[in-house]
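First comes the structure, then the notes that go with it.
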Amino acid sequence: MRHDDNLTAERPSFVTHLECAMTGERHEADQIHNLSRAGKPLLVRYDLAGVRKALTKGALAARPADLWRYRELLPVRKASDIVSLGEAMTPIIRTPRVAKKLGGGDILVKDEGRLPTGSFKARGLVMAVSMAKALGIKHMAMPTNGNAGAALAAYATHAGIKTTIFCPEDTPEVNVSEIALQGATVYRVNGLIDDCGKIVGEGKAKAGWFDTSTLKEPYRIEGKKTMGLELAEQLGWQVPDAIFYPTGGGTGLIGMWKAFAELEEIGFIGNKRPRMIAVQAAGCAPMVKAFEEGKEHAPRWENAHTIASGIRVPQAVGDFLILRAVRESGGFAIAVEDPAIQSALDEMAREEGLLLCPEGAATYAAYKQSLADGRVSKTDQVVLFNCASGLKYPLPKIERRLDRLKPIDYAGL
Ligand SMILES: *Cc1c(COP(=O)(O)O)cnc(C)c1O
């Protein structure tokens, strides 16, 4: 098969409608939507009985290895609306050395840093921008901690759509640069991501921008859902015992939870579900607090701070969806301190040669913490999400030098 067959193939569309995630109220497909009329995220619904008849595991296996192989479960109706930069399937990497040290559990790292723009935000934004193209949207705006803005900039520019992006003042330099270089107009704002979100909301009202904020746009979840589809397929249509997911706005966790339900409906997996474990940084852990207090919603976390900037999200519109998925799956929410994140990052790089991003390292730190306190066991097969390339973050300076003009003590090097 030619590699772009997934991009050009005829796609019978199975989207039936959109549904308010809180009230279930029906919203029509093929129209521009943000939140539901109740002010909550919208979920895309499909004719899954139709998909069940149309798609077999064998047919899927023969398709090129990218996210578009799952087209029957994706919202884009016309091939010509696809805006692709090459969304390859990401590998699952085993980490036998650290696993052995911890007692022999099966630790799998899904390495999302291989996607365009170096993070899994590409999965969500490729879908949001393709749908924006299909719906004729001309100007997209977004608040971002960095990676989402970079992915939006790349895809929107590729599609010829204008973008305006707002990020907190201390957003990593590389993110601000890549956003600008990929054709967006980017501003640093003296505030956090939710403060940036307010500016986007006002710009939507006053200048007609399309608000591409996390979960205020229905299709990013569909893109992120492919992590769950891909994971199940890669594990031979099995799900792992637990998934450790670095949770900010929660799109990925919510999306994977939706993916497993859809896969069961189309007969590809059984009713086993992984325990969904929401990992947050101790300096910004609204989901952990709400989980522990048994609440359905998570109030804003004040003075949020962590080196894992991708999960520095003080308040999430999809809070109830994250908490539901975590609870229904028998999982939990867990916070890890920044020093534990840093040492997890160092350990995985030094011992496995695997450079994680801080958010990915947070999942490894959380796994170790959960093993130690007995919330997961050594016999559990766990998947850790490394959501971005470690190369997108500041790396430690190394000062070891060699003077080639002096005698070299080779045995001592
Ligand atoms: C956005 C992001 C997250 C959080 O993902 P959500 O699905 O929005 O919770 C985690 N890590 C990195 C690197 C990110 O860019």
Side-chain angles (χ1 to χ4, degrees), residues 21-22 40-41 107 110 120 145 192-194 214-215 221 224 227-228 231 239-261 273-341 344 356-377 380 382-387:
M22 183 67 112
K40 299 293 174 195
I107 310 176
K110 180 107 172 109
F120 65 7
N145 278 326
L192 291 180
I193 187 162
D194 49 351
T214 306
L215 298 183
I221 290 188
K224 281 278 201 85
M227 292 190 290
L231 189 60
V239 296
D241 296 310
I243 292 177
F244 283 77
Y245 187 81
T247 307
T251 331
L253 195 149
I254 297 164
M256 281 193 280
W257 193 239
K258 184 171 186 282
F260 298 136
R273 292 288 182 276
R275 296 170 71 203
M276 303 298 286
I277 299 162
V279 178
Q280 297 203 298
C284 181
M287 296 306 143
V288 181
K289 185 159 186 286
F291 176 78
E292 285 171 355
E293 292 173 352
K295 302 232 169 83
E296 207 199 349
H297 290 280
R300 186 174 199 268
W301 185 276
E302 299 304 328
N303 305 315
H305 62 90
T306 167
I307 54 169
S309 51
I311 51 175
R312 193 181 61 176
V313 178
Q315 189 158 31
V317 257
D319 53 0
F320 64 105
L321 295 173
I322 297 168
L323 290 160
R324 266 185 213 170
V326 166
R327 289 187 177 118
E328 278 173 31
S329 73
F332 54 91
I334 176 172
V336 288
E337 301 282 349
D338 277 7
I341 295 177
L356 303 175
C357 62
E359 298 80 1
T363 65
Y364 177 46
Y367 170 66
K368 288 201 288 182
Q369 217 165 285
S370 308
L371 260 190
D373 68 19
R375 290 205 273 184
V376 296
S377 82
D380 285 333
V382 302
V383 170
L384 310 179
F385 267 88
N386 184 48
C387 22

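Only a predicted model underlies this, so the values are computations on that prediction, with no experimental measurement involved. The first residue in the sequence is number 1, and the count goes up from there.
Here the straight-line distance linking atom NZ of Lys258 with atom CG of Leu253 works out to 14.5 Å at 0.5 Å rounding. Atoms CE and CD1, on Met287 and Ile322 in that order, are 4.0 Å from each other to the nearest 0.5 Å. In this structure, CG in Leu321 is found 4.5 Å from CD1 in Ile254, a value given to the nearest 0.5 Å. With rounding to the nearest 0.5 Å, the separation of CG in Leu356 from OG1 in Thr363 is 7.0 Å. How far NZ of Lys110 is from CG of Leu231: 6.5 Å, rounded to the nearest 0.5 Å. Remark: Leu384 CG to Tyr245 OH distance equals 13.5 Å, nearest 0.5 Å.
Listed by first and then second residue, the salt bridge (Lys or Arg N to Asp or Glu O under 4.0 Å) pairs that reach into residues 326-335 come to none, sequence neighbours excluded. Pairs of residues two or more places apart, or lying in two chains, that qualify as salt bridge (Lys or Arg N to Asp or Glu O under 4.0 Å) and include a residue from residues 275-296 are Lys289-Glu293, Glu293-Lys295, Glu296-Arg324.
Side-chain contact between Tyr367 and Arg375 is absent, with no heavy atoms from C-beta onward closer than 4.5 Å. Looking at heavy atoms from C-beta onward, Lys224 lies out of side-chain contact with Met256 at the 4.5 angstrom threshold. Looking at Arg273 and Trp257, their side chains come closer than 4.5 Å, going by heavy atoms from C-beta outward.
At distances below 3.5 Å, not a single donor-acceptor pair connects side-chain atoms of Glu359 with backbone N or O atoms of Pro246. Here the side chain of Thr251 pairs no donor or acceptor atom with the backbone of Gly249 at under 3.5 angstrom. Of the possible polar contacts, none joining the Asp380 side chain to the Asp241 backbone as a donor-acceptor pair under 3.5 Å is found. The backbone N or O of Val376 lies less than 3.5 Å from no partner atom in the side chain of Ser370, so there is not a single donor-acceptor pair.
Scanning all heavy atoms of the two residues, the minimum distance from Ala282 to Ala335 falls at CA-CB, 3.9 Å. Across all their heavy atoms, Val326 and Ala333 have their closest contact at CG1-N, 4.2 Å. Between Ala298 and Pro286, the shortest heavy-atom contact is CB-O, 3.6 Å. The minimum heavy-atom distance between Pro358 and Ile341, with the atom names listed, is O-CG2, 3.2 Å. Residues Ala281 and Asp338 share a closest heavy-atom pair of CB-OD1, 4.3 Å. Minimum heavy-atom separation, Ala361 to Ala344: O-CB, 3.5 Å.
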TODO: Test Phe385 against Met227 for side-chain contact (heavy atoms from CB on, under 4.5 Å), laying out the working first.
DONE: CA-CA 10 Å; Phe385 267 88; Met227 292 190 290; 3.6 Å; yes
- [ ] Test side-chain contact (heavy atoms from CB on, under 4.5 Å) on Leu215 and Ile221 and set out the steps.
- [x] CA-CA 7 Å; Leu215 298 183; Ile221 290 188; 3.2 Å; yes
- [ ] Given side-chain contact (heavy atoms from CB on, under 4.5 Å), test Val383 with Phe244 step by step and report yes or no.
- [x] CA-CA 6 Å; Val383 170; Phe244 283 77; over 6 Å; no
TODO: May I have the step-by-step check of side-chain contact (heavy atoms from CB on, under 4.5 Å) for Ile243 and Ile277, ending in yes or no?
DONE: CA-CA 6 Å; Ile243 292 177; Ile277 299 162; over 6 Å; no
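Counted within 6.0 Å of CG on Asn303, heavy atoms from surrounding residues, nucleotides or ligands total 12 or fewer; the atom is thus considered open.
Every residue two or more places apart in sequence or in another chain that forms a salt bridge (Lys or Arg N to Asp or Glu O under 4.0 Å) with Asp194 is listed here: Arg300. A search for side chain to side chain donor-acceptor pair (under 3.5 Å) contacts involving Lys40 returns nothing, not counting sequence neighbours. Among residues two or more places apart in sequence or in another chain, the ring pair (Phe, Tyr, Trp, His ring centres under 6.0 Å) test is passed with His305 by none.
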Residues 308-317, side-chain donor-acceptor partners within the protein, below 3.5 Å, at least two apart:
residue	atom	partner	partner atom	Å
Arg312	NH1	Asp170	OD2	3.0
Arg312	NH2	Asp170	OD1	2.9

